[in-house]
> 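Here it is, the structure, as structure tokens.
Basis for what follows: all heavy atoms, side chains included, without hydrogens, waters or symmetry-related copies. Predicted model, so just to flag it, every value in this text is computed and none were measured.
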Amino acid sequence: MCGIVGLLVKNPALRDQLGALMVPMLVGMTERGPDSAGLAVYTEPVSDHHHKLSLYSGEHAVDWPELLREIAAAFAHAHEISVQGNHAVLVSSADPDLLVAWLGRHAPMIAVLSVGQSIDLYKDVGAPADIAERYRFKALRGSHLVGHTRMATESAVTPAHAHPFTAGRDFCLVHNGSLSNPHLVRKRLEPLGIEFETDNDTEAACRFFEWRLREGDDLKTAVQRGFSELDGFFTFLMGTDRELLIVRDAFACKPAVVAETDDYVAIASEFRSLAHLPQISDAILFEPKPEEIYSWRI
Amino acid sequence: MANLRPVPKTREFDLSRDSLRDLNLFLHKHAVDAGVAQIEVRNPAGAHSIACGLDAHFDVQIHGHVGYYVAGMNKHAAVTVHGNAGPGAAENMMSGRVHIRGFASTAAGASAHGGLLVIDGDASLRCGISLKGADIVVGGSVGSFSAFMAQAGRIVICGDAEDALGDSLYEAVIYVRGKVRSLGADARFESMTDTDRAAVKSLLAQSGLAHDPAEFKRVASAKSLYHWHADANQEY
Amino acid sequence: MDEPDRIAQRLALEESAGYDRATIDYIQRAAAHGLYEIRGLGAKRRVPHFDDLLFLAASLSRYPLEGYRERCATKTLLGTRFASRPIELAIPITVAGMSFGALSARVKDALGRAATEVGTSTTTGDGGMTTEERASSKTLVYQCLPSRYGFDPDDVRRADAIEIVIGQGAKPGGGGMLLGQKVNPRVARMRTLPEGVDQRSASRHPDWTGPDDLVIKIKELREITDWEKPIYVKVGATRVFNDVKLAVHAGADVIVVDGMQGGTAATQTVFIEHVGIPTLAALRQAVDALDDLNMRGTVQLVISGGIRSGADVAKALAMGADAVAIGQGVLVALGCNSDSYIAGGEHVSAREDYARLGTAPGFCHHCHTGKCPVGVTTQDPALELRLDPAVGARRLKNYLKTVNMELTTIARACGKQDVHHLEKEDLVALTVEAAAMAGVPLAGTSWIPGQST
């Protein structure tokens with residue numbers, strides 16, 4: 001019930017154009033996912049001992065400067081915030097777990113979309129083109145990104161259900177397909193202290209993989225383990241601060257096309273999202289084979 | 001006296017400008033009356049359902065990559081894609097010829113009843129699924145579950161096949177030149193007869209491919225799933 | 001016998017609830033055959049149904065229409081969302097999709113004749129469109145099924161609407177079957193199968209999976225039909241709320257929801273009885289989904305699965321359906337489970353033929369055998385003659401007219417000049433279960449289980 005896109009620029013000169021290259025890709029997936037969209041962008045990492053949090057306030061009006069003052073009063077650390085309407089990126093040298101907990105208590109209307117040193121995360125309801133405009137996706141810079149458009153089933157389309165899902169630091173995942181045992185996966189993870197925010201099947205996959213990463217697996221090993229643990233149909237696209245990874249289940253019913261040049265690797269559910277890319281006619285085009293893990297590093 | 005037959009008129013559609021609806025409507029309702037038999041399609045940019053539902057002897061040339069269901073349910077027409085095709089290329093084709101110069105995604109030629117589908121490159125999973133009489137020639141390799149439940153028709157695979165080739169086959173026959181990772185339930189290798197070699201030779205010739213028919217193996221149904229048997233340990 | 005002996009005997013013959021005779025038979029049969037049971041028709045177990053609802057008709061707070069004089073409209077439009085040629089029916093009661101293969105060509109012909117006379121539609125099934133049914137049915141809905149047996153673009157162009165079948169109430173998630181006895185030369189030719197083969201149908205469509213692909217499949221069908229014909233999407237009732245929403249997103253004009261009581265020509269019993277949800281619950285969820293998207297009246301809803309009478313139709317419409325589809329009821333009207341068939345104007349007993357199948361009129365579910373004693377679900381050249389298309393058409397017309405009259409009778413009694421004006425608030429429930437599933441109050445209360453007031 002969705003479209004997915006991924007883009008990693010190999011040529012550092014293209015990092016300034018990451019957003020501009022991506023917007024038509026995301027908009028191209030509107031038919032597959034007209035109701036909401038999300039995007040994870042990996043930027044230059046913040047300096048050591050700092051983290052950034054993508055914050056989202058939805059319909060709620062938030063006095064961001066005031067919030068920053070309150071945070072500064074609560075945490076004797078350096079903080080910066082950059083705001084775009086109902087979205088803000090908070091950079092802080094405070095412990096991110098304490099920050100998240102503090103926000104949960106003092107600013108419950110704010111959703112923490114991501115935590116990490118590279119990742120910025122956006123998600124909102126509406127047509128992908130509107131969301132791209134709303135958050136000026138065109139101007140985004142960075143090394144790679146993971147995007148998603150969604151066809152919703154919930155009564156209230158909320159950003160909580162929109163992809164990308166994140167867990168831990170700098171990890172995100174989007175999914176096209178439908179898992180058939182998400183509740184079993186969840187019941188296995190919850191006793192380990194892993195908390196879920198939604199009943200979404202994709203969140204189960206996301207938290208499973210992130211759990212494996214924390215347990216010491218590399219991403220490929222985690223995915224390999226997922227083949228026996230996660231049942232159903234999937235094309236997963238994942239990002240970490242260094243890597244972009246795609247994998248499809250054994251039936252490979254959910255589509256994906258990869259275009260690779262010397263300058264970039266671009267991934268989408270359908271070729272129509274890739275057709276506009278520069279030098280696309282010279283790109284190597286292929287479809288990921290079932291249960292084969294493809295990854296690219298920056 | 002050289003040109004007694006009228007030269008077929010050509011019409012070009014540029015999908016960066018013209019809509020898919022205009023193209024298909026023209027092909028369905030106006031092209032025959034207008035005497036247009038040659039159609040050039042430019043800038044398809046991965047659009048879906050290009051030239052689907054054709055019902056006349058057109059020659060459609062598509063210059064670029066296409067999305068799902070190119071030439072879906074084709075009758076009579078010859079459609080060539082100078083590029084790759086998305087899922088379901090020539091699905092449910094009845095007659096005519098569809099030629100994909102690049103690779104084809106999943107379910108190429110699904111449930112096609114007649115005509116010839118040629119894929120120069122690889123075909124993805126489920127190529128020729130539920131095939132009902134058409135011929136498919138794949139210049140490259142095919143993905144898993146190809147010819148699943150194929151009922152009639154022939155599939156020539158010049159490269160390799162992935163898992164479960166010909167699972168639950170009925171009367172369709174597969175000729176494969178390369179390696180087969182695994183056969184599906186009820187599919188088996190059979191020896192090639194002169195008829196088989198002649199069939200492969202003819203299909204390769206029609207597809208412009210120059211392999212030796214002697215290099216191909218025949219895969220057909222063992223027919224052990226045709227009837228329900230108790231105590232047969234059948235795989236359903 | 002002494003009283004203590006009688007008691008001892010009764011105790012000795014006490015049946016187990018968990019291992020009753022039916023369960024013992026089931027296990028013994030499985031042990032003997034090594035294969036599950038396959039049968040026809042729908043679920044036999046009792047589930048909450050329209051029988052558990054009642055109408056609050058007019059009285060002093062509402063005023064009735066005169067039953068025999070004042071007009072009560074039944075016209076029904078389907079496919080008004082995108083199609084340039086929507087379907088207009090005289091009554092909201094349609095004939096459900098049933099295949100040539102499951103039914104004989106003569107039966108398909110009879111369905112078409114009756115439907116045309118009363119102004120409604122029939123639907124093809126797995127196995128393609130017969131020339132007979134196209135000729136006899138003025139409004140014919142053409143199914144596009146996972147197997148694509150006999151699927152032909154010429155028939156797409158000949159059809160009045162296209163129905164993409166994702167699932168069936170009797171077996172959501174499963175494919176159909178047609179056992180060898182019914183795969184006669186014509187059926188085999190239409191389905192491109194060897195004669196007499198036990199045919200299994202696919203569970204998933206060959207060329208698309210999921211709602212995002214369905215968007216594209218529907219567009220292909222729209223392109224092929226030049227956006228003229230309504231596109232229906234049929235789902236078996238399971239996760240109805242989500243499925244209906246996704247079908248709307250995917251671009252359906254009409255959504256058909258088939259509850260678990262819906263029939264089949266041949267399916268595993270375990271599927272028929274244990275998979276899917278009752279029509280009553282499915283309908284409420286489907287209507288909730290359309291309401292949630294504000295799509296009532298834009299996307300039409302057809303409900304099927306155990307619709308038998310005018311009361312059932314009226315209740316379905318009151319709950320929010322735009323039309324119903326009847327399958328089993330139609331077969332019964334043609335003579336299914338009757339003790340006789342009609343030949344030369346005379347009733348001829350079929351009891352012996354039922355007995356040969358090991359069953360009796362009133363209990364038969366042997367559609368899968370192709371040996372239908374009354375000539376309805378058969379391809380046997382002798383048996384199929386037991387159903388004269390003219391007789392079948394007349395009986396079916398009578399049945400559909402009766403159901404429609406019952407529907408308008410109830411609608412008038414509720415003060416409606418149009419059957420589509422029946423509303424959920426005209427209904428109450430007899431049981432707590434039905435109240436919860438249908439979302440209407442328990443009779444005499446304002447209590448709807450599961451809803452806070």
> Please state whether the side chain, the backbone, both or neither of B:K223 comes within less than 4.5 Å of a heavy atom of chain C.
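Neither the backbone nor the side chain of B:K223 comes within 4.5 Å of chain C.
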> Do the numbers put C:K217 on top of the ring of B:Y68, so that NZ or CZ is under 6.0 Å from the six-membered ring centre and no more than 45° off the axis?
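Not satisfied by the 6.0 Å and 45° rule.
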> Could you tell me which non-hydrogen atom of B:H227 sits nearest to which non-hydrogen atom of C:G196, and how far apart they are?
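In this case the closest contact between B:H227 and C:G196 is CE1-O, 2.7 Å.
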> Can you name the closest pair of heavy atoms from C:S201 and B:M149 and give their distance?
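Taking every non-hydrogen atom into account, C-CE, 4.3 Å.
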> Between C:D154 and chain B, which part of the residue has a heavy atom less than 4.5 Å away: side chain, backbone, both or neither?
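For C:D154, side-chain heavy atoms alone lie under 4.5 Å from chain B.
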> Give the intermediate values and the outcome of side-chain contact (heavy atoms from CB on, under 4.5 Å) for residues B:Q151 and C:Y149.
CA-CA 10 Å; B:Q151 298 164 229; C:Y149 290 130; 3.2 Å; yes
> Contact part of C:T209 toward chain B, heavy-atom cut-off under 4.5 Å: side chain, backbone, both or neither?
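No part of it gets close to chain B.
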> Checking C:E223 against B:L25 for the side-chain contact (heavy atoms from CB on, under 4.5 Å) test, could you report, in this order, the C-alpha distance in whole Å, the side-chain angles of both residues, the deciding distance, and whether it holds?
CA-CA 8 Å; C:E223 283 296 318; B:L25 190 66; over 6 Å; no
> Please evaluate residues C:K219 and B:Y69 with respect to the criterion side-chain contact (heavy atoms from CB on, under 4.5 Å), reporting the C-alpha separation (whole Å), side-chain torsions for both, the decisive distance (0.1 Å), and the verdict.
CA-CA 10 Å; C:K219 282 259 174 78; B:Y69 311 133; over 6 Å; no
> Do C:F151 and B:M73 come close enough that some side-chain heavy atom pair is under 4.5 Å?
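A side-chain contact under 4.5 Å exists here.
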> Using the side-chain contact (heavy atoms from CB on, under 4.5 Å) rule, take C:D152 and B:M94 through it: C-alpha gap first, then chi angles, then the decisive distance, then the call.
CA-CA 7 Å; C:D152 187 329; B:M94 304 305 287; 3.6 Å; yes
> Counting only heavy atoms not in C:R85, do more than 12 fall under 6.0 Å of its CZ?
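No - once you tally the heavy atoms of other residues, nucleotides and ligands closer than 6.0 Å, there are 12 at most.
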> I need the B:T106 OG1 to C:D213 CG distance, nearest 0.5 Å.
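One finds 7.5 Å between OG1 of B:T106 and CG of C:D213.
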> Tell me, side chain or backbone of B:L27 under 4.5 Å from chain C's heavy atoms, or both, or neither?
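Nothing of B:L27, per the 4.5 Å heavy-atom cut-off to chain C.
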> For chain C, which of B:E171, B:K132, B:H48 has the most heavy-atom pairs under 4.5 Å?
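That would be B:K132.
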> Do C:P206 and B:R126 touch side chain to side chain, with heavy atoms closer than 4.5 Å?
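No, every pair of side-chain atoms sits at 4.5 Å or beyond.
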> Between C:D207 and B:E91, is there a donor-acceptor pair closer than 3.5 Å when you use the side chain of the first and the backbone of the second?
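No, because the side chain of C:D207 does not come within donor-acceptor range (under 3.5 Å) of the backbone of B:E91.
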> With only heavy atoms counted, which part of C:S147 is less than 4.5 Å from chain B, the side chain, the backbone, both or neither?
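Answer is backbone: N, CA, C or O of C:S147 sit under 4.5 Å from chain B.
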> Within a reach of under 6.0 Å around OH of C:Y26, are more than 12 heavy atoms found that belong to other residues, nucleotides or ligands?
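At most 12 heavy atoms, drawn from other residues, nucleotides or ligands, come within 6.0 Å of this atom.
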> Among C:R148, C:R222, C:Q199, single out the residue with the greatest number of heavy-atom pairs under 4.5 Å to chain B.
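It is C:R148.
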> Search all heavy atoms of B:G53 against all heavy atoms of C:R157 and return the closest pair with its distance.
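Looking at all heavy atoms of both residues, the closest pair is O-NH1, 3.1 Å.
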> Could you report the tightest heavy-atom contact between C:I224 and B:G72, atom names first, then the distance?
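Smallest interatomic distance, heavy atoms only, reads CD1-O, 4.1 Å.
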> Quick check for you: to the nearest 0.5 Å, what is the distance between C:H205 atom NE2 and B:I129 atom CD1?
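Answer rounded to 0.5 Å: 11.0 Å.
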> Using heavy-atom distances under 4.5 Å, tell me whether B:S111 contacts chain C through its side chain, its backbone, both, or neither.
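For B:S111, side-chain heavy atoms alone lie under 4.5 Å from chain C.
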